[in-house]
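Working notes, structure below.
The first residue in the sequence is number 1, and the count goes up from there.
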Amino acid sequence: MHLLEVKNLSVRYPVRTPLFHKQRYLKAVNDVSFTLDRGEIIGLVGESGCGKSTLGKALVRLEDPCDGEILLHGKDLAHAKGAVLRDLRKHFQMIFQDPYGSLNPRLSIFTTLDEVISLHEKTPLEARRKKAAELLTSVGLTPEALDRYPHQFSGGQRQRIGIARALASDPDFIVADEPVSALDVSVQASIVNLLQDIRQKSGTAFLFIAHDLAVVEHISSRIMVMYLGNIVESAPANELVNSPRHPYTEALLSAVPTAGEGLKKRIMLTGDVPSPLNPPAGCPFHERCPYASTRCRVEKPQLVPDKDGSRSCACFFPR
């Protein structure tokens, strides 16, 4: 059985409309399905505003799904409420993008970690402090940091504290929402390597959300590509990077800087991303796709797995 199984998940937001007009919705996540196994890291990439963060927040119930299922150890997380949801929360956590805004500046590092530890463990203060010290050590900080405050740390150190907080409940999976995008390039590699070490030592699974395909390829075993709230391609990381099948994935990869850039053909997409308030009929990408046909304009392609099931592509004319 999969650790996490997401089935036909959708998230919509009601939009203010004039009186007596039909209610409109912004479709942030559309009918997304995938599975996540213990110790697996899945990368999620796409342009800004495509729904990546909304999907991640829905998985940890910071956003409420409108349709679909989120099965964690076979238990339905999408519709859990009250005490049932509180019991499930210890199994999942989130690492936020902004290390400066995700920590309360008025709380010491120990208090920040103890909020999570004390919620899930009814142990004496001394034992909780010992665990907090162990958490800091596991992310490359010293126990002396427990009595300090967020403003006394650099951005990379704050993100390590955020990771320690996410580990405080011994979760089975973590949503990492662009955890390195706000950090200096020199710090990004150390954070990525830290997440890999955590996966190897604890077996924690990750959904790693980012827009940098080079980072995602390095850390992920599998990559999902998102466009306008839809997963348009899913494949093992190396296969997707070396032989993309969806035209949108091709365009994303062509924008990644590489050595010998002059030999690389850049695919320039025309037009803007359609509004999720009024998504196009048919394939969501057809208005910008250089290969679109009449069929693409009227019929939406499904995310169809190939013969061995290792990869899938929502395109009538895969590359």
Side-chain angles (χ1 to χ4, degrees), residues 28-30 32 34 41-56 97 176-185 188-189 192 207-276 279-280 282-297 300-306 310-319:
V29 177
N30 263 328
V32 169
F34 67 93
I41 299 181
I42 295 180
L44 180 63
V45 299
E47 292 173 283
S48 296
C50 70
K52 304 187 301 296
S53 294
T54 302
L55 174 58
Q97 177 179 357
D177 185 11
E178 302 206 33
V180 298
S181 63
L183 305 177
D184 293 338
V185 175
Q188 290 183 6
V192 169
L207 177 69
F208 188 89
I209 301 171
H211 59 269
D212 189 333
L213 268 165
V215 173
V216 174
E217 179 191 6
H218 174 72
I219 194 173
S220 307
S221 58
R222 185 157 49 107
I223 298 176
M224 299 188 299
V225 181
M226 197 170 201
Y227 182 81
L228 205 64
N230 301 271
I231 301 297
V232 296
E233 185 168 4
S234 176
N238 290 335
E239 292 183 26
L240 184 136
V241 170
N242 294 321
S243 59
R245 293 181 180 175
H246 196 281
Y248 178 62
T249 309
E250 272 190 323
L252 285 180
L253 288 167
S254 75
V256 177
T258 59
E261 182 69 29
L263 302 175
K264 185 177 181 180
K265 182 181 178 181
R266 176 73 188 273
I267 300 174
M268 302 298 294
L269 297 177
T270 59
D272 297 321
V273 179
S275 169
C283 174
F285 186 61
H286 82 259
E287 293 181 352
R288 306 175 73 195
C289 180
Y291 314 109
S293 70
T294 302
R295 183 184 182 188
C296 302
R297 297 182 179 92
K300 183 177 179 179
Q302 302 302 309
L303 193 65
V304 179
D306 59 11
S310 64
R311 60 185 304 175
S312 53
C313 179
C315 183
F316 293 125
F317 309 103
R319 314 314 304 153

(Q) Please enumerate all residues that pass side-chain contact (heavy atoms from CB on, under 4.5 Å) together with Ser53, with sequence neighbours excluded. (A) Asp177
Q.
Using side-chain heavy atoms (C-beta onward) and a distance below 4.5 Å, is Phe317 in contact with Ser293?
A. yes
Q) Is Pro279 close to Pro284 at the side-chain level, that is, under 4.5 Å between some pair of heavy atoms? A) no
Q) What residues, two or more places apart in sequence or in another chain, satisfy side-chain contact (heavy atoms from CB on, under 4.5 Å) together with Asp272? A) none
Q) Atom SG in Cys315, atom OH in Tyr248: separation rounded to 0.5 Å? A) 14.5 Å
**Q.** Flag side-chain contact, heavy atom, 4.5 Å: Leu252 against Leu213
**A.** yes
Q: Apply the test side-chain contact (heavy atoms from CB on, under 4.5 Å) to residues Val192 and Val215: give CA-CA distance (whole Å), side-chain angles for both, the deciding distance (0.1 Å), then the verdict.
A: CA-CA 8 Å; Val192 169; Val215 173; 3.8 Å; yes
Q: Please examine the side chains of Pro274 and Tyr227, heavy atoms only from C-beta on, and report whether any two atoms are closer than 4.5 Å.
A: yes
(Q) Once rounded to the nearest 0.5 Å, what's the spacing between atom CG of Leu228 and atom SG of Cys50? (A) 8.5 Å
Q: Please report the shortest heavy-atom distance between Ser220 and Ala237, naming the atom on each side.
A: O-CB, 3.4 Å
Q) Measuring from Ile231:CD1 to Asn30:CG, what's the distance to the nearest 0.5 Å? A) 10.5 Å
Q. Taking the side chain from Asp212 and the backbone from Val216, do they hold a donor-acceptor pair closer than 3.5 Å?
A. no
Q. Is there a side-chain contact between Asp306 and Ser312, using heavy atoms and a 4.5 Å cut-off?
A. no
Q) Quick one: side-chain contact (heavy atoms from CB on, under 4.5 Å) partners of Ala235, sequence neighbours excluded? A) Leu240, Arg311
(Q) Restricting to non-hydrogen atoms, name the atom on Asn242 and the atom on Pro244 that form the minimum distance, rounded to 0.1 Å. (A) C-CD, 3.7 Å
Q: Working to the nearest 0.5 Å, report the span between CD1 of Ile267 and CG of Leu253.
A: 8.5 Å
Q. Which residues pass the side-chain contact (heavy atoms from CB on, under 4.5 Å) test with Glu178, sequence neighbours left out?
A. Lys52, Gln97, Ser181, Ile209, His211
(Q) Assess the residue pair Arg288 and Glu250 against the criterion (salt bridge (Lys or Arg N to Asp or Glu O under 4.0 Å)); give the C-alpha distance rounded to whole Å, side-chain angles, the decisive distance to 0.1 Å, and a yes or no. (A) CA-CA 13 Å; Arg288 306 175 73 195; Glu250 272 190 323; over 6 Å; no
Q: Please tell me if the side chains of Phe208 and His218 come closer than 4.5 Å, counting only heavy atoms from C-beta onward.
A: no
**Q.** For Ser275, side-chain hydrogen bond (donor to acceptor under 3.5 Å, both in side chains) partners two or more places apart
**A.** none
Q: Please report the closest heavy-atom contact between Glu217 and Asn238, naming both atoms and the distance.
A: OE2-OD1, 3.8 Å
Q.
Working note: Val232 + Met226, criterion side-chain contact (heavy atoms from CB on, under 4.5 Å); need CA distance, chi angles, decisive distance, verdict.
A. CA-CA 6 Å; Val232 296; Met226 197 170 201; over 6 Å; no
Q: Look up atom CG in Leu303 and atom CE in Met224, then write down how far apart they are to the nearest 0.5 Å.
A: 9.5 Å
**Q.** Ile223: which of Ile41, Ile42, Leu44, Val45 passes side-chain contact (heavy atoms from CB on, under 4.5 Å)
**A.** Val45
Q: Just say parallel, tilted or perpendicular for the rings of Phe285 and His246, cut-offs at 30° and 60°.
A: tilted
Q: Quick one: pull up SG in Cys296 and NZ in Lys300 and give me the separation to the nearest 0.5 Å.
A: 13.5 Å
**Q.** Results of side-chain hydrogen bond (donor to acceptor under 3.5 Å, both in side chains) for Thr249 - residues two or more places apart only
**A.** Glu233
